[in-house]
Amino acid sequence: MRIARYDPTDPSFPVAFAEVDDPPLPGPAWARVAVRWAGICGSDLHNLYPDGSGSRIFGPHVGAPMELGHEMAGEVVEAGPDCPVPVGALVAVDPTLACAARGLELCPMCAQGAASSCWNLGSKLFTGGFGHGFTTGLGGGWGDTLLAHASQLHLVPAGVDVCSAALTEPLSVSVHALARRLPPEGAPVLVVGAGIIGLTAIVALRAAAPASEITVLARHQHQAAAAAALRADPGGDGDGVGA
């Protein structure tokens, strides 16, 4: 399979495609997913820029050189005997490699369903990184296929296209925040920043708080335009205001 490998030993061009053998399924509850769509995160871009602006998410917490891509959706093309997701299913893949994927007894956070706060994300047990896009040996969203545990697979509902399904990871950030602190009925809301998380916050607000007036502070003109297309008021001028 092809993978997009990040290797900081060459900072002038730290990403290259590589051909590697298809790894076997790590266990009976794992599946092989053919990637159909993947996103490019801001954390990815920061580490590709040769200007020293690398994201703090990298460093001791990942398994460099690593296989990139953590916003992805695809089709299950192989499933282990204990994987409940059938071959042919379209899935969004949660990149988090929490206790269940690592074959560990559930930590207190995983036991309450908060796998993104798993106590073992930095343990390097089973694999060096904390999730797809930040480790090796499992493939990533920027490659042909990847291996994922059943706990990471979410069936895409009928009527949702694969491109939209690839936005599940960033959208879930905004939905999770709103689920914890929904604004009062009709209260105005300020969204600071109009990157993908800010834009998905607007989408989530439109669904969960339709009576709220939304103002967005955007750093760039194209972000302000995207916010306006989602019926939010770009409070900044798109040229650094509100950055």
Side-chain angles (χ1 to χ4, degrees), residues 1-50 54-55 57-83 85-104 120-154 162-163 165-166 168-169:
M1 66 178 184
R2 289 181 305 167
I3 58 171
R5 178 181 287 150
Y6 174 84
D7 188 347
T9 57
D10 182 5
S12 65
F13 196 79
V15 177
F17 278 115
E19 288 279 354
V20 298
D21 293 335
D22 288 343
L25 298 182
W30 284 73
R32 192 181 314 275
V33 178
V35 178
R36 297 292 183 249
W37 208 280
I40 301 173
C41 180
S43 61
D44 297 318
L45 291 178
H46 280 300
N47 285 276
L48 304 187
Y49 294 147
S55 168
I57 202 169
F58 289 89
H61 306 294
V62 300
M66 57 197 177
E67 296 148 9
L68 291 170
H70 62 274
E71 300 174 0
M72 60 269 185
E75 179 184 348
V76 174
V77 293
E78 181 184 358
D82 294 340
C83 180
V85 182
V87 170
L90 187 64
V91 293
V93 181
D94 180 347
T96 307
L97 292 164
C99 290
R102 295 177 192 272
L104 303 174
N120 291 304
L121 291 182
S123 67
K124 301 188 184 299
L125 296 172
F126 171 68
T127 187
F130 56 80
H132 281 86
F134 306 98
T135 193
T136 56
L138 299 176
W142 293 6
D144 293 324
T145 61
L146 59 88
L147 302 180
H149 187 264
S151 62
Q152 300 174 270
L153 303 178
H154 300 275
V162 69
C163 176
T168 299
E169 192 267 350

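Residues D44 and H70 meet the side-chain proximity criterion, which asks for heavy atoms closer than 4.5 Å. Side-chain contact between I40 and W142 is present, with heavy atoms from C-beta onward closer than 4.5 Å. The shortest distance between side-chain heavy atoms of L97 and L121 does not fall below 4.5 Å. Between H154 and T168 the shortest side-chain heavy-atom distance does not fall below 4.5 Å. Counting only heavy atoms from C-beta outward, the side chains of L153 and C83 approach each other to under 4.5 Å. Taking 4.5 Å as the limit, every side-chain heavy atom of M66 sits out of range of all side-chain heavy atoms of T135.
To the nearest 0.5 Å, the span separating CZ on F134 from CG on L68 amounts to 8.0 Å.
Here the closest non-hydrogen pair linking R32 and P24 is NH2-CA, 4.0 Å. Closest approach of V35 and G141 over heavy atoms only: CG1-O, 3.3 Å. Contact between A165 and A73 at its shortest, heavy atoms only, is CB-CB, 3.7 Å. In terms of heavy atoms, G88 sits closest to E75 at CA-OE2, 3.7 Å. Across A31 and V76, no two heavy atoms sit closer than the pair CB-CG1, 4.1 Å. Of all the heavy atoms in V15 and A4, the pair that sits closest is CG1-CB, 4.3 Å.
Here the side chain of E67 pairs a donor or acceptor atom with the backbone of L138 at under 3.5 angstrom. Checking side-chain atoms of R5 against main-chain N and O of T136 turns up no donor-acceptor pair under 3.5 Å. A donor-acceptor pair under 3.5 Å is formed between the side chain of R102 and the backbone N or O of T127. For the pair H132 (side chain) and L147 (backbone), a donor-acceptor distance under 3.5 Å is present.
Using cut-offs of 30° and 60° for the angle between ring planes, the W30 and H149 rings count as perpendicular.
Both cation-pi conditions hold for R2 and F17: the charged atom is under 6.0 angstrom from the six-membered ring centre and inside a 45 degree cone around its axis.
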